[in-house]
Amino acid sequence: MKNWNFKVKNNPAEIKNNLQSSLASAHGFVIDIKSDNSSRITFKIRKRLLYAWYIVYHNNLVVNGKLSRADNQDETDVHISFGQNILWKFVILAHLSLGLSFIAAIVLGNNSGNSMYLLAALTFAIVLLLWFRLQKKHKNDVEEYKKLLSETLGF
């Protein structure tokens with residue numbers, strides 16, 4: 001999870017209205033804003049799922065943010081964290097456990113053919129490829145969201 005902190009020269013209510021107006025309908029985003037009072041606002045942003053096959057690829061980043069009034073009345077402290085969707089972690093864990101079970105079957109079983117070693121190596125290769133691809137996509141998505149939020153918040 002990556003964190004991003006900065007200050008903006010607007011009050012939290014103006015930033016809340018700006019986020020709702022610019023992200024709610026544009027770019028296919030879902031924004032959930034909760035405010036306890038006018039000085040503390042939390043929000044969550046993620047991409048809207050348009051098709052079922054987007055669930056793993058397009059919706060793997062969740063943005064959590066907090067807006068709080070700074071010491072100066074005209075400034076707002078913005079704290080944003082970028083997290084990965086839990087589904088990706090389950091996919092990687094499932095492939096890893098499948099590969100480990102193949103290796104356990106080879107060690108514990110009497111039939112230790114080369115095909116089982118090949119299947120275990122292929123499963124681990126898929127896990128590594130998936131992990132590196134996910135990390136690259138996560139980094140690119142964080143940069144995309146940072147650019148979008150900096151344009152939206154106007155700093």
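Throughout, numbering of the chain's residues begins at 1 and tracks the sequence.
Distance check: Lys139 NZ to Gln135 CD gives 10.5 Å after rounding to the nearest 0.5 Å. The CD1 atom of Ile31 sits 10.5 Å away from atom NZ of Lys16, with the distance rounded to the nearest 0.5 Å. Summarising the geometry, atom OG1 belonging to Thr152 is positioned 6.5 Å from atom CG belonging to Asn18; distances are rounded to the nearest 0.5 Å. Taking CD1 from Ile41 and CG from Asn17, the interatomic distance works out to 8.0 Å, rounded to the nearest 0.5 Å. Note that NZ of Lys137 is 7.0 Å distant from CD of Glu144, once rounded to the nearest 0.5 Å. Put simply, NZ on Lys146 and CG on Leu148 are 13.5 Å apart, with the number rounded to the nearest 0.5 Å.
Taking 4.5 Å as the limit, some side-chain heavy atom of Val142 sits within range of a side-chain heavy atom of Leu61. Inter-residue side-chain proximity for Ile45 and Leu149 is flagged as met; some heavy-atom pair is nearer than 4.5 Å.
Transitive grouping of hydrophobic side chains (ILVMFWY, heavy atoms separated by less than 4.5 Å) brings Phe6 and Phe82 into a common cluster. Transitive grouping of hydrophobic side chains (ILVMFWY, heavy atoms separated by less than 4.5 Å) keeps Leu98 and Ile126 in distinct clusters. Clustering ILVMFWY residues whenever any of their side-chain heavy atoms sit less than 4.5 angstrom apart, transitively, puts Leu93 in a cluster other than the one holding Leu128.
Every residue two or more places apart in sequence or in another chain that forms a side-chain hydrogen bond (donor to acceptor under 3.5 Å, both in side chains) with Asn5 is listed here: His79.
Between Asn3 and Ser81 the shortest heavy-atom distance is OD1-CB, 3.2 Å.
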